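Heads up, the thing below is written out as structure tokens.
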Amino acid sequence: MEETKDLIQQRREKLDEIREFGVEPYPHKYEPTHSTAAIHRDFADIQETPDEPQTVRVAGRVMTKRDHGKSSFAHIQDGEGRIQIYVRRDQVGAEPYKIYRRFDSGDIVGAEGTVFRTRTGELTVLVDAIQLLSKSIRPLPEKWHGLQDIQIRYRQRYADLIMNPEVKDVFLKRTQIVQAIRDMLNAQNFIEVETPVLQPIYGGANARPFTTYHNTLEQSLYLRIANELYLKRLIVGGFERVYEFSRDFRNEGMDRDHNPEFTMLELYQAYADYHQIMELTETLIAETAKIIHGTTKIRYQEHDLDFTPPWRRLSMVDSVREHSGIDPVPLSADDLYKEAAEAGVDLAGDETKGEIIAELFDTFVESKLIQPTFITDHPIEVSPFAKKKPEDPEFVERFEFFICGMEVGNAFSELNDPIDQRQRFLEQANNLKAGDSEAFMVDEDYLRALEYGMPPTGGLGIGIDRLTMLLTNQYSIRDVILFPQMRPEN
RNA sequence: GAGCCGUUAGCUCAGCUGGUAGAGCAUCUGACUUUUAAUCAGGUGGUCACAGGUUCGAUCCCUGUACGGCUCACCA
């Protein structure tokens, strides 16, 4: 950057001076014997200066440096924490000390020495030899306030991670969350699979896709908006329990809980219905909360959440009745339209009864669902891959679950009747033709798979980013995605 | 896409009805061999996001643009 030229220039000059001492500022390797955490662990009990000092080698980034003439203290930071080092001229030698004086905060160094405790009780490495492992020529943000500017934190996540340990912790927890879920599913004989990101026909959700083009095939391809239809093909093929952590892409707006690319766990279990999937869902998430927090009761922003199963189950119609005062069941589509419009729901006028119910839910219910809640039995019109309820074909065996007003997951008893599925596809295709940019096309190959026969199957999708937000108390999805989507800087 | 707010030194931030800028940290010089926001003394560092306008004069008022944040819309 132009503005930092002076400081960068100064550091480049130091780089040249270090080279003039015959030292390579970017060597190829170093072999630490201890991480900073290992030193704190292994030497926790030592007093002042031990009788039989043990030599350690530790490597990391210089974060602070306090020069005192002929000696100097510094803290170095590695992947696990920090350790103080104490560099004395009479210990390392006059010339190495001169070189060390050219080190800056931000430099990566390797230090060899013995561990002792300072007068003030801090565990410290008394350095016998210190080596530059990588010269930093761009200054770090200020040591006390760290890096605050949210724009720089997202654009330069590397700087954010160096300066803000709590950010690193969020992303470590994200990995732990994914690993916890993976372990639990594997333990239940689920098989992790990989399915296409580039799809000739997108489907499995209602969303606008990103479109790309394959030159050799001379064909448009879409980045997946979901992997649902591929995983169900695998159920047809005889994999009876499959899952995938799927990076999905939706060409839509961005806000605190939407990023154009996001991670969804989808899983499918043959012979299960949505009731079993509900139990699996609440167990998976409660157990994950326990692994991360040791409890199923956690705080998110201003809410105390309780993930302890069983979660509340409420049909969509009941939830609408409860929160809007409108009971859709006895009403005709026309009457429901009038009531909904009167209540302030924004409607175009051509909605079906089921679509109006879904609108009522969005308007009156969704934001009020704070504690984990299963909303079940959606209208068929908004659920093209779910099985009808045997006792009421206007509704389907489906649930979504909501936490803090956010939809976190979606599941159904999967539609496996190929004739019915074809009909639902045709309705979507008509919607697409009628201008609904989020409807999708008929997937003939998927229908062919269903025609071979798919066992009764329960399926589930969980928004991993949103789940991570909840379990790490982050307000924005950008705070749980390492590199959130941003406009170009210039 | 709309509304509101923000953008000042490398970083964190001040800046009064409009008189062309400050602090702390970082950095540089000097002193200092148990400091830890090291300390002490002295320096360097700015197209006040960008482009126009009003004004004798603009970081400040107005308009536009860029980027960001929040809210809403969109997104089952």
Side-chain angles (χ1 to χ4, degrees), chain A residues 1-11 13-14 48-49 63-75 82-92 97 104-106 116-124 126 136-156 159 162-163 205-208 225-226 250-260 262 316 346 354-355 357-363 365-367 375 378-379 381-386 398 400 402 406-407 409-410 436-439 461 463 475-476 478 484 486-490:
Chain A
M1 281 298 181
E2 203 66 30
E3 316 87 65
T4 60
K5 195 174 147 208
D6 288 344
L7 290 166
I8 288 180
Q9 193 53 42
Q10 281 174 1
R11 287 182 175 219
E13 283 163 14
K14 288 181 185 172
E48 305 273 314
T49 304
M63 297 303 292
T64 59
K65 194 162 174 266
R66 296 176 291 283
D67 288 326
H68 294 257
K70 298 181 188 66
S71 76
S72 170
F73 287 92
H75 276 98
R82 290 188 180 192
I83 188 80
Q84 180 168 256
I85 61 172
Y86 182 34
V87 185
R88 296 165 56 124
R89 194 175 71 168
D90 61 6
Q91 194 86 13
V92 298
Y97 194 74
D104 292 298
S105 68
F116 76 110
R117 212 172 269 287
T118 62
R119 200 180 277 166
T120 52
E122 179 162 354
L123 210 56
T124 301
L126 174 61
S136 164
I137 61 168
R138 183 176 292 274
L140 288 176
E142 191 237 2
K143 65 187 172 192
W144 191 240
H145 299 90
L147 179 61
Q148 301 292 333
D149 186 304
I150 196 135
Q151 190 166 174
I152 302 177
R153 290 187 42 223
Y154 292 154
R155 289 189 192 281
Q156 304 180 29
I162 292 168
M163 298 308 297
N206 293 90
R208 292 161 63 191
I225 59 173
R250 297 188 183 176
N251 204 340
E252 284 162 358
M254 298 156 60
D255 59 31
R256 98 173 179 91
D257 53 8
H258 293 84
N259 193 65
F262 64 101
M316 180 172 277
D346 190 22
E355 287 167 341
I357 292 171
E359 284 295 327
L360 282 164
F361 175 82
D362 288 348
T363 304
V365 186
E366 181 167 2
S367 64
I375 295 296
H378 296 55
E381 300 94 314
V382 297
S383 313
F385 296 106
R398 174 180 179 186
E400 294 175 299
F402 295 84
M406 273 195 297
E407 181 198 338
N410 184 23
D436 179 354
S437 60
E438 280 143 17
Y475 182 74
S476 167
R478 294 184 201 95
M486 302 284 277
R487 284 198 164 87
E489 283 179 71
N490 297 315

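Proteins get letters first, then strands, A, B, ... in listed order; numbering begins at 1 in each. Every value quoted in this text rests on a predicted model; they were computed, and no experiment measured them.
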**Asked** Hey, does Lys14(A) reach any base, or is it just sugar-phosphate, or nothing, if we go heavy atoms under 4.0 Å?
**Response** sugar-phosphate
**Message:** Considering every strand and a 4.0 Å limit on heavy-atom distances, what is the contact class for Arg88(A): base, sugar-phosphate, or nothing?
**Reply:** base
**Prompt:** From G68(B), A38(B), U33(B), pick the nucleotide closest to the side chain of Met486(A)?
**Reply:** G68(B)
**Prompt:** Across the strands shown, which category fits Asp346(A) at heavy-atom distances under 4.0 angstrom: base, sugar-phosphate, nothing?
**Reply:** nothing
**Message:** Using a heavy-atom cut-off of 4.0 Å across all strands, would you classify Glu252(A) as base, sugar-phosphate, or nothing?
**Reply:** sugar-phosphate
**Request:** Using the six-membered ring wherever Trp is involved, compare the ring planes of Phe73(A) and His68(A) and label them parallel, tilted or perpendicular (cut-offs 30° and 60°).
**Result:** perpendicular
**Message:** When you measure from the side-chain N and O atoms of Arg256(A) to the phosphate of C75(B), is any distance below 4.0 Å, counting only OP1 and OP2?
**Reply:** no
**Glu142(A) side-chain proximity, nearest of U34(B), U12(B), C70(B)** = U12(B)
**Request:** Could you tell me whether Arg82(A) contacts a base, only the sugar-phosphate backbone, or nothing, with contacts defined as non-hydrogen atoms closer than 4.0 Å?
**Result:** nothing
**Message:** By the 4.0 Å heavy-atom rule, please label Asp362(A) as base, sugar-phosphate, or nothing.
**Reply:** sugar-phosphate
**Request:** Verify the contact: side-chain N or O of Arg487(A) to OP1 or OP2 of C67(B), cut-off strictly under 4.0 Å; return yes or no.
**Result:** yes
**Asked** Rounded to the nearest Å, what distance is computed from the NZ atom of residue Lys70(A) to the C1' atom of nucleotide C32(B)?
**Response** 8 Å
**Asked** Quick one: is G68(B) close enough that its OP1 or OP2 comes under 4.0 Å of any side-chain N or O from Arg155(A)?
**Response** yes
